Amino acid sequence: GAVVSQHPSRVICKSGTSVKIECRSLDFQATTMFWYRQFPKQSLMLMATSNEGSKATYEQGVEKDKFLINHASLTLSTLTVTSAHPEDSSFYICSASRVDRGAAGELFFGEGSRLTVL
Amino acid sequence: AQTVTQSQPEMSVQEAETVTLSCTYDTSESDYYLFWYKQPPSRQMILVIRQEAYKQQNATENRFSVNFQKAAKSFSLKISDSQLGDAAMYFCAYRSARYGGATNKLIFGTGTLLAVQP
């Protein structure tokens, strides 16, 4: 099956610093990757759609300058939380869509990254 | 805009019994995919079952089956012979079949927390 790897799984940082989270599709090419945020006991909220070679599309209410997304290749997308603050603490999950669409619309998810900002 | 509604925040079932989780959605599209994802305490998203809207036959995966009512925009999940390992948060999700970028995002319901009693 298609595998998406997300790193780091846990990160703790000080307020004001920046944190980068990587999302890699290990055995398939992904033209599109999606970044979600999940608060405890809540659903996944889409933050942005990352397209290889172009600018990300952000959902309404998501700060572009706070959450920088780069999709440099067909297998890697990164989310950088800039000048992190305690309210940015959350669980971040990436998912990827296959180029060949052979998976009948299925998205493949990374393991998620738990960010704690002190 | 498409929406997904799960009206049961929590459900409980006895081991070996059957439980049905409800999901309704709203869309003006005719071609789309529907999914049930499971999120155990590890928080890894696991695909349980998927349904293509153009298929009239209900999808089945071992102990998991769906009741897809396209006209009613209903997509319920039935878990038969429930096992302790089925305990998790279950999310219903919608994805447009139109291809390209943000249009292919997964739209999630609010989730149903399933407890399995021994």
Side-chain angles (χ1 to χ4, degrees), chain A residues 1-6 9-10 23 30-60 62 69 71 77 90-115, chain B residues 1-10 23 25 27 29 31-55 59 61 75 88-115:
Chain A
V3 178
V4 175
S5 177
Q6 189 173 339
S9 58
R10 289 176 177 266
C23 179
T31 51
T32 305
M33 290 185 174
F34 302 88
W35 287 95
Y36 291 86
R37 182 174 182 176
Q38 186 180 32
F39 291 106
K41 298 184 179 181
Q42 293 189 23
S43 188
L44 284 73
M45 300 303 297
L46 181 67
M47 300 175 62
T49 302
S50 168
N51 298 295
E52 187 267 338
S54 64
K55 291 183 178 180
T57 302
Y58 289 82
E59 295 298 300
Q60 190 173 7
V62 177
I69 291 173
H71 195 152
S77 177
S90 189
F91 191 69
Y92 295 88
I93 308 176
C94 72
S95 66
S97 178
R98 294 180 66 116
V99 170
D100 58 8
R101 301 179 66 199
E106 178 183 356
L107 289 184
F108 302 92
F109 285 84
E111 308 94 324
S113 300
R114 182 179 300 282
L115 170 63
Chain B
Q2 297 84 13
T3 58
V4 178
T5 302
Q6 292 179 252
S7 59
Q8 305 156 317
E10 297 183 8
C23 173
Y25 60 94
T27 183
E29 298 180 325
D31 195 13
Y32 48 87
Y33 304 105
L34 295 168
F35 306 88
W36 280 97
Y37 280 90
K38 170 185 177 181
Q39 188 180 43
S42 69
R43 303 190 82 168
Q44 171 73 57
M45 296 292 285
I46 300 167
L47 177 67
V48 175
I49 200 166
R50 62 171 165 256
Q51 175 83 41
E52 290 89 343
Y54 66 86
K55 290 186 177 180
E61 288 288 342
F75 183 61
M89 180 72 86
Y90 286 81
F91 292 102
C92 179
Y94 171 102
R95 189 181 190 204
S96 172
R98 286 185 297 127
Y99 188 66
T103 60
N104 290 144
K105 62 188 178 185
L106 266 181
I107 300 170
F108 288 95
T110 51
T112 296
L113 182 62
L114 178 66

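The shown structure was predicted, so the numbers you read here are calculated from the model rather than taken from an experiment. Numbers restart at 1 for each chain; the letters A, B, ... are given by sequence-line order, proteins then strands.
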Shortest non-hydrogen contact between B/Phe91 and A/Gln42, atoms and distance: CZ-O, 3.8 Å
Closest-packed option against chain A by number of heavy-atom pairs under 4.5 Å, given B/Leu47, B/Ile46, B/Leu113: B/Leu47
Interatomic distance, B/Phe35 atom CZ to A/Leu107 atom CG [nearest 0.5 angstrom]: 6.5 Å
Nearest non-hydrogen partners of B/Met45 and A/Phe109, listed with the distance: CB-CG, 3.6 Å
Closest heavy-atom pair and its distance - A/Ser97, B/Arg95: OG-NH2, 2.8 Å
Check: A/Ser43 side chain, B/Gly109 main-chain N or O, donor-acceptor pair, under 3.5 Å: yes
Atom group of A/Gln6 that falls short of 4.5 Å from chain B, counting heavy atoms: neither
Region of B/Tyr37 in contact with chain A, defined by heavy-atom distances below 4.5 Å: side chain
Nearest atoms (heavy-atom pairs only) where A/Phe91 meets B/Gln39: CE2-NE2, 4.5 Å
Test salt bridge (charged side-chain N to carboxylate O under 4.0 Å, His left out) applied to B/Glu61 - qualifying residues, sequence neighbours left out: none
Interchain contact, B/Leu106 with chain A, by part (heavy-atom threshold 4.5 Å): both
From B/Lys105 atom NZ to A/Leu44 atom CG, the distance as rounded to the nearest 0.5 Å: 13.5 Å
Minimum heavy-atom distance B/Arg43-A/Arg114, with the two atoms named: NH1-NH2, 3.0 Å
